[in-house]
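Right, one structure below, let's go through it.
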Amino acid sequence: MVAAVPPARPPERFAPTHHLHMNPPYSRITGTGSYLPPRRVTNDALAAELATRGIETSDEWIVERTGIRARHFAAPDVPASDLAVPAARAAMQAAGVRPQDIDLIIVATSTPDMVFPATAAIVQHKLGIRGCPVFDVQAVCSGFVYALTVADAMIRAGTARRALVIGAEVFSRILNFDDRTTCVLFGDGAGAVVLEGSDTPGILATDLHADGQHVGVLCVPGHVRGGQVLGEPLLRMDGQAVFKLAVNVLDKAARAVLEKAGKPASDVDWLIPHQANIRIMQGTARKLGLPPEKVVVTVHEHGNTSAASIPLALDHAVRSGQAKPGQTLLLEGVGGGFTWGALLLNL
Ligand code: UT7
């Protein structure tokens, strides 16, 4: 069962938007949270389900090629916002802030509740917040790095003081369960952070990119017209093309943020990559000269949760005691678009 969302209460006041006397030089993560829908599906259980459709796969193939052992699937009537809300509440609790203290909400998602409005508006309402700006960021698996970069810029510009940045996905909705090359890879979940203006360094450097010539390698080629869904609104991926692009661009983005921050790779305490494939994650770490022990890994339990994967891994690292205050974290994402980016921060 997904945690019930209490009805929205009227806030004590409208959330403040800006009015800082001086723009803060930095933004800093002050709390993390995450939420997984309760239904955990192991590779064996998924393989058995797919076998009833005549699709052949195995735990052995999935583990060997991806590192994935299980993923979580939301119940059919549970939208991305219902995963985002408990993740956001956990992040606010960790940061010691109340919903009415939040003055910006950004949700990174490729599986929004509706065509519009933004899932961020639905999350805002479910959290009982009113008045602050809200919007979604659509950069697929790079979405959280994009959203955090935007929130950092808005906080340093004085546009917001205390942001909720969330990655939330129900990728199970867009999987083609007749395509074994993709349906075994993805899962559902949400992760969130509270990002606040700070006098001490938090986010140190960011680096975002995209190259639209690769739209076709990873896409959901459907759209709505005249009340009908046209095209095929199911995920398609050329896995090998994505693999090759990913290893190359992730290394470049990681080196770019280190260079911008003037830090050597050896200063990185934890690499928190997008969790798509253990081989890509280990390959990126190896290229940077980082030992595998410095890579936060949740892909074995979560599968690929797209924009939710990095904040889910970050929250896992924080709550398990792996990542400690003051440590340097390197976040990096890559996905459909083709989009990619990295972000270096002090926790
Ligand atoms: O989130 C955005 C970022 N996404 C990614 O980073 C994904 C990047 N790509 C990958 O992670 C990998 O390319 C995959 C995991 C998707 C595929 O791994 P691969 O090592 O590139 O496998 P492949 O596509 O070369 O397929 C190898 C074989 C094929 O059989 P043949 O042609 O050699 O006979 C596939 O048909 O494995 C077969 N295969 C499967 N077998 C059992 C493909 N999917 C499955 C499956 N179960 N689920």
Side-chain angles (χ1 to χ4, degrees), residues 29 32-37 40-44 46 59-73 87 90 108 140-145 148 167-169 171 184-193 239 242-243 246-247 249-251 253-254 257-258 265-324 327-335 340-345 347:
I29 291 175
T32 67
S34 61
Y35 180 78
L36 289 164
R40 178 175 177 271
V41 180
T42 62
N43 289 344
D44 280 334
L46 185 59
D59 174 58
E60 195 187 357
W61 189 94
I62 302 169
V63 172
E64 190 190 312
R65 301 289 172 136
T66 70
I68 298 167
R69 293 180 182 276
R71 73 287 293 141
H72 289 245
F73 284 151
V140 202
C141 304
S142 314
F144 186 75
V145 173
L148 205 52
E169 302 281 14
F171 255 54
V184 300
L185 305 175
F186 295 88
D188 302 338
V193 301
V242 173
F243 196 108
V247 174
V249 298
L250 285 175
D251 186 54
V257 285
L258 288 166
S266 54
D267 274 14
V268 174
D269 294 299
W270 292 103
L271 176 64
I272 307 189
H274 170 48
Q275 309 280 317
N277 186 318
I278 190 73
R279 291 184 291 147
I280 298 178
M281 292 154 63
Q282 286 171 347
T284 320
R286 206 177 309 119
K287 276 187 157 193
L288 285 171
L290 295 174
E293 304 82 61
K294 285 194 172 186
V295 184
V296 174
V297 178
T298 53
V299 70
H300 58 298
E301 270 299 311
H302 300 172
N304 180 347
T305 57
S306 194
S309 92
I310 293 174
L312 266 163
L314 171 63
D315 187 49
H316 170 80
V318 168
R319 286 174 195 265
S320 67
Q322 281 180 302
K324 295 181 179 64
Q327 288 191 326
T328 302
L329 313 187
L330 175 53
L331 278 46
E332 54 177 23
V334 59
W340 67 98
L343 192 147
L344 194 71
L345 65 89
L347 198 58

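Remember, it's a predicted structure, so these values are computed and weren't measured experimentally. Starting from 1, each residue takes its place in the sequence as its number.
- Looking only at distances, no side-chain donor or acceptor of Gln275 sits under 3.5 Å from a matching main-chain atom of His300.
- Between the side chain of Asp269 and the backbone N or O of Thr328 there is at least one donor-acceptor pair closer than 3.5 Å.
- Judged by distance alone, with hydrogens and angles left aside, the side-chain atoms of His72 form no donor-acceptor pair with the main-chain N or O of Asp188 at under 3.5 Å.
- The closest side-chain heavy-atom distance from Leu331 to Val257 is not below 4.5 Å.
- The main-chain N or O of Ala307 is found under 3.5 Å from a side-chain atom of Glu169 such that the two form a donor-acceptor pair.
- A donor-acceptor pair shorter than 3.5 Å cannot be found between the side chains of Thr298 and His316.
- Shortest non-hydrogen contact noted between Ser34 and Asp315 is OG-OD2, 2.6 Å.
- Here the side chains of Gln322 and Val296 are in contact, with some heavy-atom distance below 4.5 Å.
- Note that OG of Ser142 is 12.0 Å distant from CG of Leu343, once rounded to the nearest 0.5 Å.
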Tabulate below the donor-acceptor pairs under 3.5 Å that side-chain atoms of residues 62-71 make, not counting sequence neighbours, or state none.
from  : atom 1 : to     : atom 2 : distance (Å)
Thr66 : OG1    : Ile62  : O      : 2.5
Thr66 : OG1    : Ile68  : N      : 2.9
Arg71 : NH1    : Val41  : O      : 2.9
Arg71 : NH1    : Asn43  : OD1    : 2.9
Arg71 : NH2    : Asn43  : OD1    : 2.8
Arg71 : NH2    : Val184 : O      : 2.8

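- Applying the salt bridge (charged side-chain N to carboxylate O under 4.0 Å, His left out) rule to Arg40 yields the partners Glu301; only residues at least two apart in sequence or on another chain are considered.
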With side chain to side chain contact (heavy atoms under 4.5 Å, CB included) as the criterion, how do Val334 and Cys141 come out once you've worked through the C-alpha distance, each side chain's angles and the decisive distance to 0.1 Å? CA-CA 6 Å; Val334 59; Cys141 304; 6.0 Å; no

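- Of the possible polar contacts, none joining the Trp270 side chain to the Val295 backbone as a donor-acceptor pair under 3.5 Å is found.
- The two residues Asp251 and Lys287 make their nearest non-hydrogen contact at OD1-CB, 3.5 Å.
- In this structure, Leu290 CG and Leu330 CG are separated by 7.5 Å, a value rounded to the nearest 0.5 Å.
- Taking CZ of Phe73 as the start and CZ of Phe171 as the end, the distance is 12.0 Å to the nearest 0.5 Å.
- Counting heavy atoms from C-beta on, the side chains of Val268 and Lys294 never come closer than 4.5 Å.
- When all heavy atoms are compared, the tightest approach of Ala308 to Gly189 is CB-O, 3.3 Å.
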Verdict with reasoning, Ile29 to Leu314, per side chain to side chain contact (heavy atoms under 4.5 Å, CB included)
CA-CA 11 Å; Ile29 291 175; Leu314 171 63; 4.0 Å; yes

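- The shortest side-chain heavy-atom distance between Ile280 and Phe243 falls under the 4.5 Å cut-off.
- Distance CD/Glu293 to CG/Leu271: 12.5 Å, rounded to 0.5 Å.
- Annotation: the span from Arg286 atom CZ to Met281 atom CE amounts to 12.5 Å, rounded to 0.5 Å.
- Side-chain contact between Val145 and Ile310 is present, with heavy atoms from C-beta onward closer than 4.5 Å.
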*Can you check side chain to side chain contact (heavy atoms under 4.5 Å, CB included) on Leu344 and Leu329, steps first, answer last?*
CA-CA 6 Å; Leu344 194 71; Leu329 313 187; over 6 Å; no

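- Contact of the Thr284 side chain with the Pro273 side chain is not registered, since no non-hydrogen atoms from C-beta on lie closer than 4.5 Å.
- Atom CZ in Phe144 sits 9.5 Å away from atom CD1 in Ile272 (nearest 0.5 Å).
- Side-chain N/O atoms of Asn304 and His274 include a donor and acceptor closer than 3.5 Å.
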